[in-house]
Amino acid sequence: MCGCVSVWVCGTVRWWTVSTREPVGTTPPSSVLRPPSSVLRPSSLKGEHKMTANQDIALSGELARQYEPGAIEAALYERWMERGYFHAEVDRDRAPYCITIPPPNVTGELHMGHGLCYTIHDVLVRWKRMQGLATLCLPGTDHAGIATQNVVERMLAEKEGLSRHDLGREAFVQRVWEWKEKYGSTIIEQMKSLGCSFDWERERFTMDAAYSEAVLEAFIHLFNEGYIYRGYRVSHWCPRCRTAISDIEVDDEEQAGSLWYFKYPIEDGYMFGTEHIVIATTRPETMLGDTAVAVHPEDPRYQSLIGRHVVLPIMGRRIPIIADPILVDPEFGTGALKVTPAHDFNDFDAGERNDLPKITVIGPDARMTEEAGPFAGMDRMDARAAVVERMNNDGLLVKIEDHTIVAPICDRCKTVLEPLLSEQWYCRMSELAAPAIGVVREKQIQFTPDRWEKVYLDWMERLRDWCISRQLWWGHRIPIYYCDSCGKVTAARRPPERCAACEGISFTQDPDVLDTWFSSSLWPFATLGWPQRTPELDYFYPTSALITASEIIYLWVARMIFMGMEFMKDIPYPDVYIYATVLDANGERMSKSKGNGINPVLLVSQYGADATRYAIVTQAGKAQQIRFVLEKQCPECKDWSLIDAERCRCGQPFPEEVEWRAPQVAQARLFCNKIWQASRFVMMNLGEDEGPRTEDESQTLRLQAPLLEAGRGRARGPGGAETEDEGPGTEDESQTLRLQAPLPASGRGRERGLEDRWIFSRLANVTQSVNEGLAAYDLDVATRSLHEFVWSEFCDWYIELAKRRLSGGDPTIRENLRVILDTILRLLHPFMPFLSEAIWQRLPEHGATLMLAGFPEVNLEQTDLDSEQKMEQLMDLVVKIRNMRSELKVAPGLRIPVFLSNVAENLTGWMEIVENRARCNIEFETNPQEGDSRGSAVSASGSIAIRIPLEGLVDFEKERARLSGEIASLEKEIEGLDRQLSNDQFLTRAPENVVSEKRRRRAELEERLRMAAEALQRSGT
RNA sequence: GGGCGGUUAGCGCAGCGGUAGCGCAUCUCGCUUACACCGAGGGGGCCGGGGGUUCGAAUCCCUCACCGCCCACCA
């Protein structure tokens, strides 16, 4: 297997470009990367289940020679689901842990940001579940008003040539529901392919009946409290979506534009000699709605004009010249400004201040209205050109300058927005914001990384009222009823029977729906049953954490916090973890419109869910952005380039179909394989008598008893002394596994070998790192230390040292290997759930599932610094000897004599480790000179001198070259140390221990230099 | 215009006051009773530029440059 699949061409520009259009019609949302559908299909998670047979293969029998994620993942997920491991119940005997996931849009499909988000969720949740908490991760989706309506509208237009108006409101909404039922779970299925252990039995949708009740309740409450009001003002309007949108749904786009200078004739100007005033504008078409010209009150150029009038060109309207210090910057343009209160936010405010009329010249369809006189009916962009032409013809166009404008665009459809005067529902923010600011200030809610706290507070403190009405059909319809007789406004769940004011009996409901974010702001409690006082709400609220993206701190996080404070009188969660933005290989943000996104599902199909998760999480710490790389291979020279390169370094252009890889995931995949193989080794050596035992099905939902039973082993304290048994058997309070060194039955030296003490000390260390990393949301730290431990310590050293003992029939080593592997699998499980479970199920002693087995815990007393120090010295000695062998080109298989001098006494007993790992026979000598150092290679490890007789091993030329190199590097380092040590400042100001360490180091180097020099000298003779 | 990140070996990253580490890639050797998706060893870096603080700076401060993200009503 080459490990690569070809990528199918998608889109026209670049092979990995996806169309910017939303998925439409009967086609499910398309993947960004599109491999053959047979490969991409997330798994057999949905639809036909032929898992029963596969489960056996995945969960029992010998571990396959090759690690193949596909063979275990679907089967395990199926089994976990069947057994209800993801489901959480209220359990008063245990502490709760609850996260409600950020609900993705129903129209969505997984991209890397989601991959990061939900993987972090699952890691934390699996960790907490293993720790024995009643753990609920509640999933769901958001109805995403505008986005979903757009998708269905487009589908209707393309497939049936119908607009929503052709269908009518009720029928259209019905069609959206149908679409939702059919495609709305795509993203949910994709989460499952990542292995997410969310409680699917509690999955929610923001338009579920119960959830909708919560939305009504919230609205009516806020209305009755006077927070919600109707306002007639300028708001952002999307002419394509035909709805108002809130400020934070606006994106900016820099566009090349112009600044037009127009002359406005001054009324009776000839009488005092100033006939025109020149104004500058970027939007000429709005001049038709001008109702004033403004200047700065202190601008000396215009003092005489303030209070006079101009005659608005084209329209012939007489409008005043006003002075407004807020609106006008005298430095810009001509210092004179046209004022269009109906089409500009600042002008609207100025209009309010100066009591100006508001004339709407652009309609909701972005066409000019009747008020636009000769231009009525024209598109706004056509009208712009027409106005400029007319002004030019009338001799009123002074000049045109190039000017970069920042156009507001709709973050959903990218249409240029129009500030439009309209009547909308608003939510007053000042009172609601206050407590939400307070709880963050007081650290009741803690942001991680904490820099985001400032971002949140800055925004909350200058919050404007929230426009909550949308002119859409898909969403929660605003529960406002107008009396048809007297117009009285009532907020109610259902139409009132009778008008409280006039006794009228006929009502009309407000046609608008609520902003999507209104409903999602209730998410942490509405999903748990609010406004009902359910046991779940009582038990799980406040939830434990929120994990989300920085881009929705305003849109969502802030609103959840103030809604939580308003309705629950309590924070929604104490922790807000903001994860990094995912960038592509070029450091640009991954986004749909750029087409540079990577679909994690594709990575799962290529590398497996465990590798994908691990690769993602290795980067998930406190970084603000992380990069995800994709490479493709040149078919000519086989070299790899970034995925969007046009040409290979060899000059060849890339074909449309290429081999690709994700190096970070590939690396993670190697790690998976390493674990698999190491596990195979351990299991092969556990022996028949310890073969897998049948599990007890009744334990299914209960937490596993801690693995190590009392009496199986006794804890080993620092320094290797045996201490009182504090095995988990005596600790039923904590259901987590207490890490401890297992115990050899007798005290025979070899069984309590140095390497055993060392590895358990290291295991304690890594256990602590993983727990601390998880607790601090430093998932990258946790995975790094795990990787280091498993690969470099357990595999490279302990297993290698174990081989000798295994062949010698030492029973202790088998037990140690078993316990260490067991602990590793537990530590690994949150990150690599499938692999760890599949292996764990084959351990001699295992429960129903690793998911509910205890998570290792440790305290620092379990580290054994003495053994760590000794092992470090021994390992360094091995490396140094290997190093010499390699440089001397000694045949790898050849066992050679090695002479050591100056070996600390407490190390001399452990030389078998060195002999074993460096293929040598160690002999001690008190002084290297005493031996025949003339024909020897010499080196050192710390203060230990190493001498290898060269007799019959090497030619002396090589050794002399090697010595010269070593001497040079020794001299260089000594020189550096001398520089410091001869510096009085250093000697007097640096801490004593630093100085003495340098001195010690110097002396050691000096000694090595002397030996090397002598050896060189002798070898030359 | 403001704010926040980043800039360390070819690539992706760690280190955040005592003269540089990891993985991949590369080179040499090796199928040694888990793993060639491997093992052993090696080469490769004036830690973005410039100032400063300090006995000592990749690490702290200032400044500039470049990359990215967020916020802001300059017509």
Side-chain angles (χ1 to χ4, degrees), chain A residues 1 3 63 65-67 248 252 259 279-283 286 294 326-329 331-334 336-340 344-347 349 403 405-406 408 419 449 451-452 454-455 458-459 462 550-551 553-554 580-581 583 585-589 618-619 621-629 631 640 642 663-664 666-685 780-781 784 787-788 791-792 795-796 799-800 803 806-807 879 882-887 889 891-893 918-919 973 976-977 979-980 983-991 994-995 997-998:
Chain A
M1 282 203 304
L63 279 180
R65 256 187 85 81
Q66 302 268 316
Y67 163 60
I248 43 183
D252 289 333
L259 192 58
I279 56 92
T281 181
T282 53
R283 303 196 52 205
T286 63
I326 300 171
L327 184 64
V328 183
D329 170 10
E331 304 294 315
F332 189 89
T334 60
L337 165 67
K338 64 194 254 342
V339 184
T340 322
D344 183 278
F345 290 90
N346 296 313
D347 290 7
D349 293 341
H403 186 76
I405 56 165
V406 181
R451 66 180 103 93
W452 295 109
K454 189 169 165 304
V455 174
D458 283 352
W459 188 71
R462 54 183 173 76
S550 61
E551 65 186 18
I553 290 177
Y554 307 143
T581 306
L583 308 179
N586 295 311
E588 286 179 29
R589 186 202 169 87
T618 331
Q619 303 194 78
K622 305 259 195 309
Q624 187 161 319
Q625 51 227 354
I626 60 181
R627 209 170 297 194
F628 223 88
V629 178
E631 295 175 336
W640 295 89
L642 286 186
Q664 290 143 307
Q667 273 172 233
R669 171 64 212 260
L670 293 182
F671 185 41
C672 292
N673 184 252
K674 188 70 178 177
I675 296 159
W676 186 266
Q677 298 300 344
S679 303
R680 278 185 63 220
F681 174 83
V682 172
M683 250 137 10
M684 284 165 65
N685 284 290
D780 54 345
V781 174
R784 254 199 304 279
H787 186 278
E788 163 77 12
W791 205 310
S792 309
C795 292
D796 288 351
I799 286 188
E800 290 307 324
K803 287 176 179 171
L806 285 164
S807 61
V879 168
R882 283 175 180 168
N883 189 330
M884 291 173 76
R885 294 180 60 123
S886 170
E887 284 182 32
K889 304 264 189 274
R919 286 237 171 184
E973 194 176 343
L977 286 168
R979 216 174 306 126
Q980 285 190 297
N983 181 340
D984 282 344
Q985 300 277 23
F986 173 72
L987 295 177
T988 51
R989 305 208 186 182
V994 173
V995 176
E997 170 56 25
K998 300 256 179 205

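Just so it is clear: chains get the letters A, B, ... in the order the sequence lines come, proteins before strands, and each one is counted from 1. The model shown is predicted, which means the values in this text are computed figures rather than measured ones. Every heavy atom of this structure was used, including side-chain atoms; hydrogens, water molecules and symmetry mates were not.
Nucleotide B/U54 has no partner under the Watson-Crick or G-U criteria, as no pair reaches both atom distances under 3.5 Å. Base pairing of B/G1 is made with B/C71, judged by Watson-Crick or G-U wobble geometry with both donor-acceptor distances under 3.5 Å. A 3.5 Å limit on both hydrogen-bonding distances identifies B/C13 as the Watson-Crick or G-U partner of B/G21. Within the shown strands, nothing qualifies as a pairing partner of B/C47 under the Watson-Crick or G-U definition with both distances less than 3.5 Å. In this structure, B/A65 and B/U7 make a Watson-Crick or G-U wobble pair, each of the two defining distances being under 3.5 angstrom. For B/A34, there is no paired nucleotide, since no Watson-Crick or G-U wobble pair has both relevant distances below 3.5 Å.
Taking atom NZ on A/Lys622 and atom C1' on B/G15, their separation rounds to 16 Å, with Å as the unit. Atom OH in A/Tyr554 sits roughly 6 Å away from atom C1' in B/C71 (whole-Å rounding). In this structure, CG of A/Asn673 is placed 14 Å from P of B/A34, rounded to the nearest angstrom. Distance CD (A/Glu631) to C1' (B/G10): 11 Å, rounded to an integer number of Å. Between the C1' atom of B/C22 and the CZ atom of A/Phe671 lies a distance of 13 Å, rounded to the nearest Å. Remark: C1' of B/C37 and NE2 of A/His787 are 12 Å apart, rounded to the nearest angstrom. A/Gln980 places its CD atom 8 Å from the P atom of B/U19, with the value rounded to the nearest Å. To the nearest angstrom, C1' of B/C74 lies 8 Å from CG of A/Asn346.
Of the two residues contacting RNA chain B, namely A/Ala280 and A/Arg65, the nearest-nucleotide position lying further toward the 5' end is that of A/Arg65. Mapping A/Leu977 and A/Ala678 onto RNA chain B by nearest heavy atom places A/Leu977 at the nucleotide closer to the 5' end.
Across every non-hydrogen atom of A/Leu977 and A/Lys998, the tightest pair is CD2-CD, 3.6 Å.
Donor-acceptor pairing under 3.5 Å, judged by distance alone, is present between the side chain of A/Gln624 and the base of B/C4. In terms of polar N and O atoms assigned as donor or acceptor, the side chain of A/Gln677 never comes within less than 3.5 Å of the base of B/C37 in a complementary pairing. With hydrogens and angles ignored, a donor-acceptor pair under 3.5 angstrom links the side chain of A/Glu800 to the base of B/A34.
Looking only at side-chain heavy atoms (C-beta outward), A/Trp459 and A/Ile553 stay at 4.5 Å or farther from each other.
Among B/G41, B/G12, B/G30, the nucleotide with an atom closest to any side-chain atom of A/Val629 is B/G12. Distance from the side chain of A/Gln625 is smallest for B/G5 among the nucleotides B/G5, B/C71, B/G12. Among the nucleotides B/C35, B/A40, B/C37, the one closest to the side chain of A/Arg680 is B/C35. Out of B/G30, B/A72, B/G12, the shortest distance to the side chain of A/Gln664 is found at B/G12. Here the nucleotide nearest the side chain of A/Lys674, chosen from B/G18, B/U32, B/C35, is B/C35. Checking B/G41, B/C29, B/G3 against the side-chain heavy atoms of A/Lys454 singles out B/G3 as nearest. Taking only side-chain atoms of A/Cys795, from C-beta outward, the nucleotide of B/A34, B/G18, B/C24 with the closest atom is B/A34. Of the listed nucleotides (B/U19, B/C74, B/C37), B/C74 has the atom at the smallest distance from the side chain of A/Asp329.
As rounded to the nearest Å, B/C22 and B/C61 have P atoms that lie 28 Å from one another. For the C1' atoms, the distance from B/C67 to B/C74 is 27 Å, rounded to whole Å. Using C1' as the reference atom, B/C16 and B/A20 are 13 Å apart when rounded to the nearest Å. With C1' as the reference atom, B/G68 and B/U26 are 30 Å apart, rounded to whole Å. Using atom P as the reference point in both B/G23 and B/A65, the two lie 38 Å apart (nearest Å). Distance noted for atom C1' between B/G3 and B/C13: 26 Å (whole Å). The gap from the C1' atom of B/G2 to that of B/A9 amounts to 37 Å, rounded to the nearest Å. Across B/G51 and B/U59, the matching P atoms stand 14 Å from one another, rounded to whole Å.
Within the structure, every side-chain polar atom (N or O) of A/Lys889 is placed at least 4.0 Å from both OP1 and OP2 of B/A40. Phosphate contact (OP1/OP2 of B/G42, side-chain N/O of A/Asn883, threshold under 4.0 Å): present. Between A/Gln619 and B/C13, a side-chain N or O to OP1/OP2 separation shorter than 4.0 Å is present. Listed pair A/Lys803 / B/A34 meets the phosphate criterion, a side-chain N or O lying under 4.0 Å from OP1 or OP2. Put simply, A/Arg627 has a side-chain N or O that comes within less than 4.0 Å of OP1 or OP2 on B/G12. For the OP1/OP2 pair of B/G39 and a distance below 4.0 Å, the side-chain nitrogens and oxygens of A/Trp791 include at least one atom meeting the criterion.
A salt bridge links A/Lys454 to A/Asp458: at least one charged side-chain nitrogen sits closer than 4.0 Å to a carboxylate oxygen.
Within the nucleic acid shown, A/Cys672 has no heavy atom closer than 4.0 Å to any nucleic acid atom. At the heavy-atom level, A/Leu327 lies under 4.0 Å from base atoms of the strands shown. Contact annotation for A/Val406: no contact, since no heavy-atom pair falls under 4.0 Å across all strands. If you check every strand for non-hydrogen atoms under 4.0 Å, A/Asp796 touches sugar and phosphate atoms only. Residue contacts shown for A/Leu337 include a base, since a base heavy atom lies under 4.0 Å away. Looking at heavy-atom distances under 4.0 Å, A/Thr281 makes contact with sugar-phosphate atoms alone, never a base. Residue A/Arg784 is classed as a sugar-phosphate contact, given heavy-atom separations below 4.0 Å to backbone atoms only. A/Arg979 comes within 4.0 angstrom of no nucleic acid atom, judged by non-hydrogen atoms across all strands. Base engagement by A/Val994 is indicated by at least one non-hydrogen atom pair under 4.0 Å involving a base atom.
Rounded to the nearest 0.5 Å, atoms CG (A/Leu583) and CD1 (A/Ile626) are 8.0 Å apart. Atoms CZ and CZ, on A/Phe986 and A/Arg979 in that order, are 12.5 Å from each other to the nearest 0.5 Å.
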Under the side-chain contact (heavy atoms from CB on, under 4.5 Å) rule, what do A/Thr281 and A/Leu259 come out as? Steps first, then yes or no, please.
CA-CA 6 Å; A/Thr281 181; A/Leu259 192 58; 5.7 Å; no
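Side chains of A/Arg627 and A/Gln664: no donor on one and acceptor on the other come within 3.5 Å.
For the pair A/Lys803 and A/Phe681, the distance from NZ or CZ to the six-membered ring centre is under 6.0 Å and the angle to the ring normal is within 45 degrees.
The 12-atom threshold is exceeded at CZ of A/Arg451, counting heavy atoms of other residues, nucleotides or ligands nearer than 6.0 Å.
Ring geometry for A/Phe671 against A/Trp791 counts as parallel: the plane angle stays under 30°, on a 0 to 90° scale with 60° as the upper cut.
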